[in-house]
**Q** 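Take this structure, written in structure tokens, and hold onto it; I'll ask about it next.
Numbering starts at 1 and runs along the sequence shown. Treat the numbers as computed from the prediction; the structure is a model and nothing was measured.
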Amino acid sequence: QRGMGGYLNMNQRGCGPIALADMYNRSGGGISARSLAGSMYSSGRYSPRRGTSVGDYIDTAHSMGMNLKPGKVTQQSLKLASPTHPITVVGSGSDYGTRRGNNHFMNVIGTDSHGTAYVSNPLTGRIDRKPTSTVAGSAVIGLYGSGDEEDGGYTFPQAIKDAFQKLKSE
């Protein structure tokens, strides 16, 4: 697996901006979680106290040129995940590192034949191993894109690439 570097530390960046930056970067983009969190904060799409709503996550992803669509999370659907095509899962409970009801964003980047999901987790800053059954069972929604849909997944128009390149250099 590709090293994630220090940008996955939640600190004041939040799991939503970190998971979104991780997904964007894994699909070929390049943005720091710090810049993305700042941009989302200034547009009202992220608050360090309240976090990020699923709608604001999707809206921000769309503004970045990513074609995300919500869907149900199952053990079978998690098999679509790969390091370059992660699936963002939103859920709560022990496998998400939160109390039940405190939703958390993480990216599933793959599964194996033993029922293990490999999760890029903003809470730990690491790639964690979790049972696919509990990741799926505790998920309230999955955000699919990047080749997981019939329309080919992400598209990155040049204007979007230019705008985020500017943010990346901050």
**Q** Hey, mind stepping through Asn103 and Tyr96 against side-chain hydrogen bond (donor to acceptor under 3.5 Å, both in side chains) and telling me if it holds?
**A** CA-CA 8 Å; Asn103 286 329; Tyr96 285 78; over 6 Å; no
**Q** Without swapping roles, check the side chain of Ser27 against the backbone of Tyr24 for a donor-acceptor pair under 3.5 Å.
**A**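 Pair found, side chain donor or acceptor close to backbone of Tyr24.
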**Q** Check for a donor-acceptor pair, side chain of Ser42 on one end and backbone N or O of Gly38 on the other, with a separation under 3.5 Å.
**A** yes
**Q** Using a 4.5 Å cut-off on heavy atoms from C-beta on, say whether the side chain of Val89 contacts that of Leu78.
**A**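 Yes, close enough: below the 4.5 Å cut-off.
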**Q** For residues Met106 and Asp95, report the shortest heavy-atom separation together with the two atoms involved.
**A**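 So the minimum-distance heavy-atom pair works out to CE-O, 3.8 Å.
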**Q** Which atom pair, heavy atoms only, marks the closest approach of Ala19 to Phe105?
**A**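 Shortest heavy-atom contact: CB-CB, 3.9 Å.
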**Q** Quick one: does His62's side chain have a donor or acceptor within less than 3.5 Å of a partner on Leu68's backbone?
**A** yes
**Q** Flag the pair Ser120 / Met23 as yes when at least one side-chain heavy-atom distance between them is below 4.5 Å, and no otherwise.
**A**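 Result no, sub-4.5 Å side-chain heavy-atom pair not found.
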**Q** Does Asp22 reach the side chain of Pro86, with side-chain heavy atoms less than 4.5 Å apart?
**A**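 No. Closest side-chain heavy atoms not under 4.5 Å.
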**Q** Ile18 and Ala33: which non-hydrogen atoms are nearest, and at how many Å?
**A**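 That would be CG1-CB, 3.9 Å.
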**Q** If I compare all heavy atoms of Thr52 with all of Pro17, which pair ends up nearest, and what's the gap?
**A** OG1-CD, 3.5 Å
**Q** Any idea which heavy atoms bring Ser94 and Lys130 closest together, and the distance?
**A** O-NZ, 4.4 Å
**Q** Under 3.5 Å, is there a donor-acceptor pair between the side chain of Ser77 and the main chain of Thr74?
**A** yes
**Q** Can Tyr57 and Thr88 be counted as having a side-chain donor-acceptor contact under 3.5 angstrom?
**A**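 Judged by distance alone, the side chains do pair up.
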**Q** Without swapping roles, check the side chain of Asp112 against the backbone of Gly115 for a donor-acceptor pair under 3.5 Å.
**A** yes
**Q** With side chains defined as the heavy atoms from C-beta onward, is the minimum distance between Lys79 and Thr132 less than 4.5 Å?
**A**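 Lys79 vs Thr132: side chains apart.
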**Q** Can a donor-acceptor pair be found, under 3.5 Å and without considering hydrogens, that links the side chain of Arg45 to the backbone of Asp56?
**A** no
**Q** Flag the pair Pro83 / Tyr118 as yes when at least one side-chain heavy-atom distance between them is below 4.5 Å, and no otherwise.
**A** no
**Q** Are the side chains of Ser82 and Arg26 in touch, meaning some heavy atoms are under 4.5 Å apart?
**A** no
**Q** Kindly give the heavy-atom pair with the smallest separation between Ala117 and Thr111, and that separation in Å.
**A** CA-CG2, 4.1 Å
**Q** Do Leu36 and Met64 come close enough that some side-chain heavy atom pair is under 4.5 Å?
**A**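 Heavy-atom side-chain distance check passes, below 4.5 Å.
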**Q** Any side-chain donor paired with an acceptor under 3.5 Å for Tyr46 and Thr60?
**A** no
